[in-house]
Amino acid sequence: MENKSSLKDELVLDVQDLKVSFNTYVGEIQAVRGVSFDLKKGEVLAIVGESGCGKSVTAQTLMRLVPSPPSVIKNGSIMFKGKKGNVDIAKLSNKQMEKVRGSEMGMIFQDPMTSLNPTMTAGKQITEGLIKHQGLSQADAKKRAVEMLKLVGIANPEERVNQYPHELSGGMRQRVMIAIALACSPRLLIADEPTTALDVTIQAQIIQLMKELAQKTEASIILITHDLGVVADIAQRVIVMYAGKVIEKGTVDEIFYESRHPYTWGLLRSMPRLDSVGDELVPIPGTPPDLFAPPKGCAFAARCPYAMEVCLEVDPEQTKLSATHSAACWLLDPEAPQVERPVEAGGRQHVR
Ligand code: SF4
């Protein structure tokens with residue numbers, strides 16, 4: 001029998017030094033610049049950052065959903081522990097990848113209306129993968145589709161299974177997407193802003209549903225979001241990305257209350273959070289750098305109120321702060337001046 005703690009620590013994903021570029025007619029965009037992280041079985045990992053920070057490209061590269069060309073994986077490995085053992089996603093052919101994607105990974109997109117096929121019933125869209133990847137008969141697949149609709153909280157699933165997307169509400173369509181993504185019992189589920197297109201009440205229901213499903217199915221989830229309230233509610237660990245790099249990572253508490261990177265502080269002050277309703281949101285001044293020609297030093301330097309000379313010259317390495325927490329900032333150097341973490345970014349503690 002498998003030991004419970006070894007199950008919990010089992011790595012489903014181990015990404016090392018991933019670099020992804022887009023070749024365009026005006027040059028190369030370095031969208032992901034050396035990203036490393038891992039994901040355990042049953043864990044929910046949130047990736048946060050402003051638009052264009054590389055979070056969606058990273059997540060979609062894990063499923064090889066970014067079209068190549070124009071995208072190219074320039075470097076790195078994406079070790080995925082599938083049902084048949086470890087594979088490096090970065091090295092699989094498109095054909096091999098199709099199999100992994102259909103049976104072992106699922107994706108939930110932002111807008112179910114554009115991701116669902118309007119000409120197919122909800123049931124048909126759920127059964128497709130079951131017939132193709134699990135070899136189920138038409139009748140068994142339909143039975144499973146009804147079960148899946150029930151699992152994701154759709155009332156009258158026997159009736160809904162025969163309906164088309166336009167006959168369903170926005171919340172129901174998102175539930176159908178989740179049912180499609182979960183139908184083949186994937187080990188990895190990637191949810192890219194899964195609640196952005198929904199109204200607030202439905203958002204809360206979908207997040208609750210994802211939380212329950214993560215526990216029930218033991219699927220590992222990567223959640224891409226700009227909503228820190230959602231992060232606090234569902235994730236165990238967080239990666240903060242900026243200009244194609246991971247600039248800080250840690251547990252939810254480490255990021256919310258002990259963050260050490262000025263960009264994370266800015267993000268915490270600029271994003272809505274559940275535990276500080278009514279606080280004024282402060283946008284981060286300036287814009288992210290041009291990824292056609294990323295700066296040689298810290299990419300956040302032009303917007304950082306603490307930038308020093310060294311920041312403009314040398315990109316800081318990750319500094320390990322605990323077994324789970326690290327950040328890439330020159331302020332963590334023993335020689336750097338001491339600065340206070342802003343109150344709105346989780347406290348008034350000194351950063352070293
Ligand atoms: Fe600011 Fe320098 Fe830290 Fe970059 S390395 S975040 S510029 S203090």
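Residue numbers count from 1 along this sequence. Whatever order the structure lists ligands and atoms in, that order sets their numbers, starting from 1. Excluded from the calculations below are hydrogen atoms, water molecules and symmetry mates; all remaining heavy atoms, backbone and side chain alike, are included.
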Can a salt bridge be assigned to the pair [X] and [Y] using a cut-off of 4.0 Å between side-chain N and carboxylate O?
X: K40; Y: E10; answer: no
X: K74; Y: D17; answer: no
X: K132; Y: E98; answer: yes
X: R160; Y: E167; answer: no

For [X], atoms of ligand 1 separated by under 4.0 Å from a heavy atom:
X: L331; answer: 8 (S)
X: C329; answer: 3 (Fe), 5 (S), 6 (S), 8 (S)
X: P262; answer: 6 (S)

- [ ] Take D315 and K296 through the test salt bridge (charged side-chain N to carboxylate O under 4.0 Å, His left out) and record every step on the way to the result.
- [x] CA-CA 6 Å; D315 201 9; K296 69 172 172 176; over 6 Å; no
May I ask you to identify the nearest protein heavy atom to [atom], giving residue, atom name and distance to one decimal place in Å?
atom: atom 2 (Fe) of ligand 1; result: C311 SG, 2.3 Å
atom: atom 5 (S) of ligand 1; result: W330 N, 3.3 Å
atom: atom 6 (S) of ligand 1; result: H261 CE1, 3.5 Å

Open item on the list: Within 2.8 Å of atom 3 (Fe) of ligand 1, is there any N, O or S atom belonging to C304?
Closed with: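 It does not; every qualifying atom lies at 2.8 Å or beyond.
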Open item on the list: Below 2.8 Å, can you find an N, O or S atom of C298 next to atom 4 (Fe) of ligand 1?
Closed with: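 So C298 does bind atom 4 (Fe) of ligand 1 by this criterion.
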TODO: Kindly assign one of parallel, tilted or perpendicular to the pair H261 and F300, based on the angle between their ring planes and the thresholds 30° and 60°.
DONE: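 H261 and F300: tilted rings.
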